[in-house]
Protein chains: 2
Amino acid sequence: MSSVTINDVARHAGVSKKTVSRVINNEINVSEETRTKVMAVIHQLGFKRNPLGMALAKNRSLFIALLADNPSPGYLQKLQKGILQCCSEEHMGLFLYDCNYRSPTLVYEIEEFIDNTLADGLILVPPLSDKQDLLDMLQRKRVRYIRIGPKDQDSGDCVSFNGVKAAYEMTQYLLRLHHKDIAFVLGHPDQESSHRCERGFRNAIADAGITLNEQLVVQGYYTHQSGVDAAATLLSRTPRPTAILAANDEMAVGVLYEAHRRGIKIPEELSVCGIDDISLTTKVWPNLTSMRQPINAIGYRAAFKLIKKLKGETAAGNDGGADIFDCELIVRESTSQPGR
Amino acid sequence: MSSVTINDVARHAGVSKKTVSRVINNEINVSEETRTKVMAVIHQLGFKRNPLGMALAKNRSLFIALLADNPSPGYLQKLQKGILQCCSEEHMGLFLYDCNYRSPTLVYEIEEFIDNTLADGLILVPPLSDKQDLLDMLQRKRVRYIRIGPKDQDSGDCVSFNGVKAAYEMTQYLLRLHHKDIAFVLGHPDQESSHRCERGFRNAIADAGITLNEQLVVQGYYTHQSGVDAAATLLSRTPRPTAILAANDEMAVGVLYEAHRRGIKIPEELSVCGIDDISLTTKVWPNLTSMRQPINAIGYRAAFKLIKKLKGETAAGNDGGADIFDCELIVRESTSQPGR
DNA sequence: ATGCAAATTGACACCGGTGTCAATTTGCAT
DNA sequence: ATGCAAATTGACACCGGTGTCAATTTGCAT
């Protein structure tokens, strides 16, 4: 209500409001004396810039938005946390928008959302990251964006995790445990991370000199239910695989469920593991072995890059364009040597 | 960028911009003829009101924010979905803010968040709903809010579920299955819903003519780990309870974990059930029996009430002040007759 | 046709900032 | 002291809307 405006500061400091504006924005060409005087008044009066006034004048809202339609709530939750931490530090507001990836009018809906909020920066979560008509629309409206895990992860406007390496190392771990019949549950075919994980899995199997039984690679869609279904298929095969690696934890937990339902002991009779390391892994029994994707850091980094982009600076630090995070193997209770 | 302004519309329609403003805002005292003419131009030019301009002029941003620090991610996720659906329908943006309930500077941080975003409506999730110093600050800043599940659920600015009834009915269900030693895991003592659930539980036990063994009521904090800990305590008691009811699903899943770890068969040797019906219930094995809280509807309703409040209308429909939603028993795989 | 209240409309200032450009001040070489 | 470029500052218009209040138009009774 009774908020202090730039005019109030100007009056108290005996300068024009343009000069106050210069001080606020840390512009050059303000004498030290004036700057000090104005800063004193700002603190004394408790002045805070009105973001709406600035947005209107600059034609930039400096609000960003997270657009998501991801089947793994645990993943989104962690991502949000990372993004929010960065936003909080940068004094930036984060809008949330819940997409339905399959809606035929999705692009139109998002355009309307942008018109309603004037968000001028977006973070796109798979499978939105590779939706070309969406990207075209954003380009046309001059809305900046950062994509998480897109196809061409070297384009500088994105942040990813190293899916190939993650699946490769997880498979290696299973091989070290002397598993031979290792099954793999694919993610959604529209999401590049699924293909990357598949590549890692196949490479590891090949590098171990094993001929992959194609029966052991089954389609999933990153959802819990698709994990259950994939497990139903795999666990009916003879010989039964001794280990199942799923392209995300959500599906791995589905595999766990189906195995339990069939009375299969884990990990004695079947090792199960996933990728992501969402909070779900430590809630189910047995706790799930997983590759820890630094989801928090990815979210933070995505927000950081976006905000710097909006403010016109280039992101500092390790910003050589591509940001690809490595994973870390977290061994828990769901994996062991086969037939132990 | 090249967006159409109210001035463009005014010029094309041959009226003043104030008249266009009247048409946009559906004000009275505009002739039918003028209204039709202006509307035609609006559609022709694809005009959309700039929310920032409006916010600045009206000194109301019409953005709302969700403030949460809730230990159950599944709960928050559903709540968000309900809120977002309403926001989408009302063309309203939703800011997200991640609180740390225990931060000593929380109120200050939230005040700063509001200054940064100019959100003029807030949805408060427990345990924030009853934080008096926060409510005082909001009152002072004239920021409207709706609280979810606060102490005094009849105050008209809140939406709740009927916790007493939920726990009562769940306990009745267990009693019907012929359970006698029923344990209860409390929620966080700072959240009113925990006390309500406890009351429901105690009432049901008393109404069944049973003297409650106080050893069977143990403290929890709504987190997964607190459920594990509570189960560890309860499952060491002799005689062991044959059923455990937890005040939320998150803790019930923790109970499930600890029971599995001890090799206790569920539901044959122990029935476990929770309250909320978050998505986690159908991911764990066995699927968890729960009381379905219409979290989606609660979120939607909270957003609806808040938005109407901001727009100055009173919420339509069942808005007699209090909004208290009933729960529905969802029987799944984790409960059965004792010793079956 | 005339008078008058009610309905309709527009001129102007304003919300809280920033951009442009001209005016003023400063600092230094001469 | 003088001249001049560079540094500093402010007047003014503008971003895209809304509120106030006065001016104009309309509709009806007389």
Side-chain angles (χ1 to χ4, degrees), chain A residues 1-39 41-42 45-63 91 115-118 120 142 310-312, chain B residues 1-39 41-42 45-63 91 115-118 120 142 310-312:
Chain A
M1 290 271 85
S2 59
S3 59
V4 181
T5 75
I6 214 172
N7 279 304
D8 301 329
V9 176
R11 200 169 329 112
H12 280 254
V15 298
S16 74
K17 60 183 195 168
K18 177 64 205 182
T19 295
V20 177
S21 170
R22 285 194 181 93
V23 172
I24 296 168
N25 289 289
N26 251 305
E27 286 176 26
I28 52 167
N29 287 346
V30 178
S31 73
E32 258 330 298
E33 193 194 338
T34 307
R35 189 183 301 278
T36 310
K37 185 172 61 183
V38 171
M39 286 304 284
V41 176
I42 285 177
L45 266 50
F47 166 80
K48 284 186 180 166
R49 165 163 67 189
N50 181 322
L52 299 181
M54 187 209 65
L56 192 58
K58 285 200 147 149
N59 196 23
R60 323 230 62 202
S61 76
L62 288 190
F63 293 143
H91 304 293
D115 289 338
N116 286 333
T117 58
L118 293 190
D120 52 19
R142 301 259 199 287
L310 292 180
K311 292 191 176 167
Chain B
M1 290 266 87
S2 61
S3 59
V4 181
T5 75
I6 214 171
N7 280 303
D8 301 328
V9 175
R11 201 170 328 112
H12 279 254
V15 298
S16 74
K17 61 183 196 168
K18 177 65 205 182
T19 297
V20 177
S21 169
R22 286 193 181 95
V23 173
I24 296 168
N25 290 290
N26 251 307
E27 287 177 25
I28 53 167
N29 287 346
V30 179
S31 72
E32 258 331 297
E33 193 193 338
T34 308
R35 188 183 301 275
T36 309
K37 187 173 58 183
V38 171
M39 285 304 284
V41 176
I42 284 177
L45 266 50
F47 166 80
K48 285 182 180 169
R49 165 163 65 187
N50 182 320
L52 299 181
M54 186 208 66
L56 192 57
K58 286 198 148 150
N59 195 24
R60 323 233 61 200
S61 76
L62 289 190
F63 293 143
H91 304 293
D115 289 337
N116 286 331
T117 58
L118 293 190
D120 50 21
R142 302 257 200 285
L310 292 180
K311 291 190 177 168

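The chains referred to below are lettered A, B, ... by the order of the sequence lines, with proteins before strands, and numbering in each begins at 1. All heavy atoms count here, side chains included; hydrogens, waters and symmetry mates do not.
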**Request:** Give a yes-or-no answer on whether the side chains of B/Asn116 and A/Arg49 include a donor-acceptor pair shorter than 3.5 Å.
**Result:** no
Go through the N and O atoms of the side chain of [X] and the base of [N], and report whether any donor-acceptor pair is under 3.5 Å.
X	N	value
B/Lys58	D/dG19	no
A/Arg22	C/dG19	no
A/Lys17	C/dG17	yes

**Request:** If C/dG27 has a Watson-Crick or G-U wobble mate with both distances under 3.5 Å, name it; if not, just say none.
**Result:** D/dC4
**Item:** C/dA22 - base-pair partner by Watson-Crick or wobble geometry, distances under 3.5 Å
**Value:** D/dT9
**Prompt:** Minimum heavy-atom separation for B/Ser16 to B/Ala10, with atom names?
**Reply:** C-CB, 3.8 Å
**Item:** Closest non-hydrogen atom pair, A/Ser61 against A/Asp120
**Value:** N-OD2, 2.7 Å
**Message:** Nearest to the B/Ser31 side chain among D/dG10, C/dT8, D/dT8, which nucleotide is it?
**Reply:** C/dT8
**Request:** Tell me which nucleotide among D/dG19, C/dT18, D/dA7 gets nearest to the side chain of A/Ala57.
**Result:** C/dT18
Without decimals, in angstroms, what is the distance between [X] [atom1] and [N] [atom2]?
X	N	atom1	atom2	result
A/Asn7	C/dA13	CG	C1'	14 Å
B/Met54	C/dC14	CE	C1'	16 Å
A/Arg60	D/dG16	CZ	P	14 Å
A/Leu52	D/dG17	CG	C1'	12 Å
A/Asp8	C/dC15	CG	P	10 Å
A/Arg11	D/dG10	CZ	P	15 Å
B/Lys18	C/dT8	NZ	C1'	13 Å
A/Asn116	D/dG17	CG	C1'	16 Å

Taking only side-chain N and O atoms of [X], does any of them lie within less than 4.0 angstrom of OP1 or OP2 on [N]?
X	N	value
B/Asn50	D/dG17	no
A/Thr19	D/dG10	yes
A/Thr34	D/dT8	no
B/Asn25	D/dT18	yes
B/Ser21	D/dT18	yes

With a 4.5 Å cut-off on side-chain heavy atoms, are [Y] and [X] touching?
X	Y	result
A/Asn29	A/Arg22	no
B/Arg35	B/Asn26	yes
B/Lys58	B/Asn25	yes

**Fill in**
By nearest-heavy-atom nucleotide on DNA chain D, the more 5' of A/Ser16 and A/Leu56 is A/Ser16
